[in-house]
Amino acid sequence: IKSNFIEKKLAGKKVIVTAGGTKEAIDPVRYIGNRSSGKMGFAMAKVARDLGADVTLITTVDINFNNMNIIKVQTASEMMKQLQEIFQDTDVLIMAAAVADFKPVHVSDQKIKKNNDEDIFNVKLTKNPDILKTIAATKTNQFVVGFAAETQNLLSNAEKKLASKNADVILANNVSQKGAGFGVDTNQITLLEKGHEPVKWDLMSKTDVAKKFWDFYLNK
Ligand code: CTP
Ligand code: CA
């Protein structure tokens with residue numbers, strides 16, 4: 001990793017990072033979500049901040065970092081709304097959030113009670129908007145990075161995402177691989193970039209992944 005980290009090489013750049021799993025309400029006390037600690041996104045945001053970027057972190061996790069604008073959201077729809085307000089004004093978007101693919105069709109105003117006569121409870125789900133695809137479609141000069149969480153056929157699935165989501169880069173990771181899944185402090189990334197061969201990175205800490213990514217960005 002080159003000397004980019006000595007200087008504030010991202011000074012003057014606006015960076016948005018999304019992180020954490022969205023929480024889609026079923027009723028006032030329950031939600032549908034998925035396994036995501038937000039750690040990969042936090043590392044991306046912190047390293048960018050340390051390199052001098054003006055960082056906005058949009059997250060579902062109750063967390064605070066110095067020298068960062070933090071916007072708290074719960075649902076995919078809220079995340080998309082916040083992004084739409086600031087995306088045009090940014091230089092880089094990192095979509096590290098684990099967006100729930102589906103949300104309940106109906107959100108109950110009141111806590112749903114157990115029905116003692118029924119052992120089965122159905123929750124009808126509808127698709128959430130694809131935030132990355134929708135936002136990146138409005139891209140002018142922004143550099144847009146998505147993640148691809150896969151459990152099989154990593155390269156072919158990630159390549160499809162690179163093509164379909166209007167992203168400049170997809171950082172693909174096999175979430176069923178040891179040391180690269182949810183909640184852990186390490187990750188093993190394959191970087192896919194339009195017009196380039198995929199590059200497989202070693203297993204490393206999420207902070208080192210973030211450093212390696214920003215180094216890649218700064219050397220573009
Ligand atoms: N993403 C998004 N909006 C969604 C779903 C995903 O913006 N509704 C983003 C994620 O933040 C990530 C990328 O799209 O950067 C890929 O997410 P992933 O879950 O791997 O892909 P999906 O397109 O949802 O496909 P699938 O879950 O079926 O593999
Ligand atoms: Ca998904």
Side-chain angles (χ1 to χ4, degrees), residues 15-25 31-45 48 55-61 71-88 90 92-105 125-139 142-177 180-184 187-194 198 201 206 209-210 213-214 216-217:
V15 170
I16 303 172
V17 179
T18 66
T22 67
K23 297 174 178 176
E24 313 295 338
Y31 63 82
I32 289 176
N34 54 50
R35 299 170 198 273
S36 170
S37 59
K39 283 178 178 175
M40 192 59 251
F42 298 158
M44 286 289 196
V55 178
T56 298
L57 176 66
I58 304 179
T59 184
T60 56
V61 182
I71 301 176
K72 276 242 30 210
V73 295
Q74 293 278 326
T75 66
S77 301
E78 286 168 23
M79 184 174 278
M80 177 132 112
K81 186 166 172 280
Q82 293 295 334
L83 263 176
Q84 279 169 329
E85 283 178 20
I86 58 175
F87 177 69
Q88 285 310 320
T90 200
V92 184
L93 167 64
I94 314 269
M95 233 6 249
V99 182
D101 291 323
F102 296 95
K103 65 180 174 187
V105 171
L125 303 176
T126 181
K127 246 192 201 144
N128 256 328
D130 190 318
I131 301 175
L132 176 57
K133 192 172 180 174
T134 308
I135 296 284
T138 70
K139 204 151 81 79
Q142 297 84 352
F143 191 80
V144 175
V145 179
F147 277 78
E150 309 293 348
T151 58
Q152 59 180 352
N153 306 325
L154 179 91
L155 275 183
S156 61
N157 283 328
E159 260 154 19
K160 279 185 208 143
K161 286 175 189 173
L162 181 66
S164 68
K165 288 182 185 262
N166 317 303
D168 296 288
V169 161
I170 291 283
L171 301 176
N173 59 331
N174 184 334
V175 290
S176 58
Q177 179 186 316
F182 295 111
V184 298
N187 207 352
Q188 194 274 304
I189 292 287
T190 299
L191 182 145
L192 293 95
E193 184 184 13
K194 269 185 197 155
W201 293 353
K206 287 181 176 174
V209 169
F213 166 76
W214 287 113
F216 155 84
Y217 173 78

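Order of listing sets the numbers, starting from 1, for every ligand and every atom in it.
- Open room surrounds NZ on Lys127; 12 or fewer heavy atoms of other groups in view lie less than 6.0 Å from it.
- If you look at Asn157 next to ligand 1, there are no close heavy atoms at all, none under 4.0 Å.
- Taking any N or O of Ile131, backbone or side chain, at least one lies under 3.5 Å from an N or O belonging to ligand 1.
- Taking any N or O of Pro129, backbone or side chain, at least one lies under 3.5 Å from an N or O belonging to ligand 1.
- Considering backbone and side-chain N/O atoms, Glu150 never comes within less than 3.5 Å of an N/O atom of ligand 1.
- Taking every heavy atom of Gly146 and a limit of under 4.0 angstrom, the matching atoms of ligand 1 come to 15 (O).
- Of the protein's heavy atoms, none falls inside 4.0 Å of atom 28 (O) of ligand 1.
- Note: no N/O pair closer than 3.5 Å links Asn128 and ligand 1 by distance alone.
- Counting atoms of ligand 1 from 1 in the listed order, those under 4.0 Å from a heavy atom of Ala148 are 20 (O).
- Protein heavy atoms are found less than 4.0 angstrom from atom 17 (O) of ligand 1.
- The shortest N or O to N or O distance between Lys133 and ligand 1 is not below 3.5 Å.
- Distances below 4.0 Å separate heavy atoms of Asp101 from the following atoms of ligand 1: 5 (C), 24 (O), 27 (O).
- Of all atoms in ligand 1, numbered sequentially from 1 with element shown, those under 4.0 Å from a heavy atom of Ala149 are 20 (O).
- The atoms of ligand 1 that sit less than 4.0 Å from any heavy atom of Ala97 are 10 (C), 11 (O).
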